[in-house]
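Below is one structure, written out as structure tokens; the observations come after it.
Chain naming here is simple, since letters A, B, ... match the order of the sequence lines and numbering starts at 1 in each. Atom set for the values below is all heavy atoms of this structure, side chains included, hydrogens, waters and symmetry mates excluded.
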Number of protein chains: 2
Amino acid sequence: MKNRTIENAWRGAERCKNCAIRHLVLFADLTHDDFDRIHHPIDDIEFKPGSRIYLQGDQMPFVYTVRSGLIKLVQHLPNGDRRIVRILSQGDLAGLENLDGQPASHEAVTMDHVRVCRIPRSIIESLKRDTPRLHDALLQRWQKALSGAENWITRLSTGNAKSRVARLLLLLDENSEDDSFFLPTREDMGAMLGITTESASKMTAEFRRNGLLRPLENHRAWIDVRELRNQFD
Amino acid sequence: MKNRTIENAWRGAERCKNCAIRHLVLFADLTHDDFDRIHHPIDDIEFKPGSRIYLQGDQMPFVYTVRSGLIKLVQHLPNGDRRIVRILSQGDLAGLENLDGQPASHEAVTMDHVRVCRIPRSIIESLKRDTPRLHDALLQRWQKALSGAENWITRLSTGNAKSRVARLLLLLDENSEDDSFFLPTREDMGAMLGITTESASKMTAEFRRNGLLRPLENHRAWIDVRELRNQFD
DNA sequence: ACACCGCATTGAAAATATTCAATAGTGGTT
DNA sequence: AACCACTATTGAATATTTTCAATGCGGTGT
């Protein structure tokens, strides 16, 4: 049990009602009655950086709401190449694609310290039957996932290495609530952008030398948003 | 009216019940009662190659079920670059993303001769309220769209130009019912793969010289699936 | 048949990205 | 503080891709 820890597990949905980020999560619009229909436990789980939440091919009995941290979705090609196809952050749902019992088409790995709520699929199933409010919340998640994936294609997989890195930094910055953001390893940046680790490193280093990127403590960083947008939108 | 023709419009949902490809479309599982709830007209429309069905930024009052042909979804970057983010074929739904009234995040353009059924959004809205069967059909469409987009990233935007072209040809071939398939212009291939028109052309020409690709009449082509898969999965 | 237009192909030079290998940081551990 | 493991950076040689320009090819309309 090297990577994964359950630090703070608790039972039932009682605390969902008072969840600090409830306005952001799947259950945002549920009523008190809806919550009372939840009989299976929802666990609050923490993962260390680099933990695998689920694997490509897994049958998933759970979905996960991201409370904090970043999760990368990694798809493996038969030839061994890997590509990060999307990043999940606060309020996103991991495992959405597998709600209908399909095996996962990618694996989910934490990039930094991550807290999630683990929701049994059966809860979603039964709520889906009874509450249209959940339907809309799920549809919104699908919508966001799809437009995220399309953005990934146009913004992060198009143009030369420098623009790609620039657009990735801008995306990471937008997704952060803070005015700093988590800066992935160069290897992960490469896998997100479809370029090599070294190329990601060269571009990142160049931005740093130009003062457009400032690394901070703890794998976090700051960027000159205005200037980066100016040069690369 | 250069690009768009309505050759064969008809009213109401009567003919949906007997549609030849109904098993493939959104309305596959509707009952007779469900159909009787449809009061707005569903039109059968044909488009010439290169017709714009909707534009990036449009508010869409319709969704479109593809009956035959291929539709490209094109996203424009602020800097003028464009990228094709997905292709729709028989049974797919164009405009899914915009069911909730959001402006379209990409434009939809026909690649060859295309027949669609144009469904007013209001029909979907009202059916959604009453029939859970439609819900599942919609969810399946979302699922397919998302996994399509992720595949696009890993298979078509990763690796060198030659593998990308090979994987695109394989994808086009799989999506075709025929044993031949529609071969896009080199420009479109480039926009799908994030490479230049010339690179797409060079790779395509090389495959032709190697006998792995045989162009046929009418922009269609045949590939040596086994050999291409062997070399590029 | 002819000219014409748009798309495809090709080649050579220039730009960009990858590879491989060495060096430098960085954080964590003893 | 010294050490270790891991990641980042950098440089030089190589490979790939883009760019730009020329040429070929196929169908359309006259």
I need the [atom1]-[atom2] distance between [X] and [N], as an integer number of Å.
X	N	atom1	atom2	result
A:Leu183	C:dG25	CG	P	18 Å
A:Arg220	C:dG27	CZ	P	15 Å
B:Leu193	D:dT18	CG	P	10 Å

Exercise: do B:Ser199 and B:Thr196 side chains pair donor with acceptor under 3.5 Å: yes
Check this for me, if you would: do [X] and [Y] make a salt bridge, where the nitrogen-to-carboxylate-oxygen distance has to be below 4.0 angstrom?
X	Y	answer
A:Asp178	A:Arg220	yes
B:Glu97	B:Arg86	yes
A:Asp173	A:Arg229	no
A:Asp92	A:Arg141	no

B:Cys117 and B:Arg67, any side-chain heavy atoms less than 4.5 Å apart: yes
So which protein nitrogen or oxygen atoms get under 3.5 Å of nucleotides 15-17 of chain D's nitrogens or oxygens?
unit_1, atom_1, unit_2, atom_2, d
D:dT17, OP1, B:Ala161, N, 2.6

Have a look at the helix from C:dA1-D:dT30 to C:dT30-D:dA1 and give the angle its two end axes make, five pairs each, rounded to 10 degrees. 40°
For B:Phe232 and B:Phe207, take the angle between the two ring planes, folded into 0 to 90°, and tell me which bin it lands in: parallel under 30, tilted 30 to 60, perpendicular over 60. perpendicular
Below 30° counts as parallel, above 60° as perpendicular, anything between as tilted: where do the rings of B:Phe47 and B:Tyr64 land? perpendicular
Minimum-distance pair of heavy atoms, taken over all atoms of B:Gly101 and B:Arg121: CA-NH1, 3.7 Å
When you look at B:Ser157 and B:Arg83, which way does the side-chain hydrogen bond (donor to acceptor under 3.5 Å, both in side chains) test go after all the steps? CA-CA 11 Å; B:Ser157 311; B:Arg83 186 78 199 261; 2.9 Å; yes
Extract from the structure each pairing of a protein N or O with an N or O of nucleotides 7-9 of chain C at less than 3.5 Å, listing the distance.
unit_1, atom_1, unit_2, atom_2, d
C:dA8, OP1, B:Arg186, N, 3.4
C:dA8, OP2, B:Arg186, N, 3.2
C:dT9, OP1, B:Arg208, NH2, 3.3
C:dT9, OP2, B:Arg186, NE, 2.8
C:dT9, OP2, B:Ser201, OG, 3.0

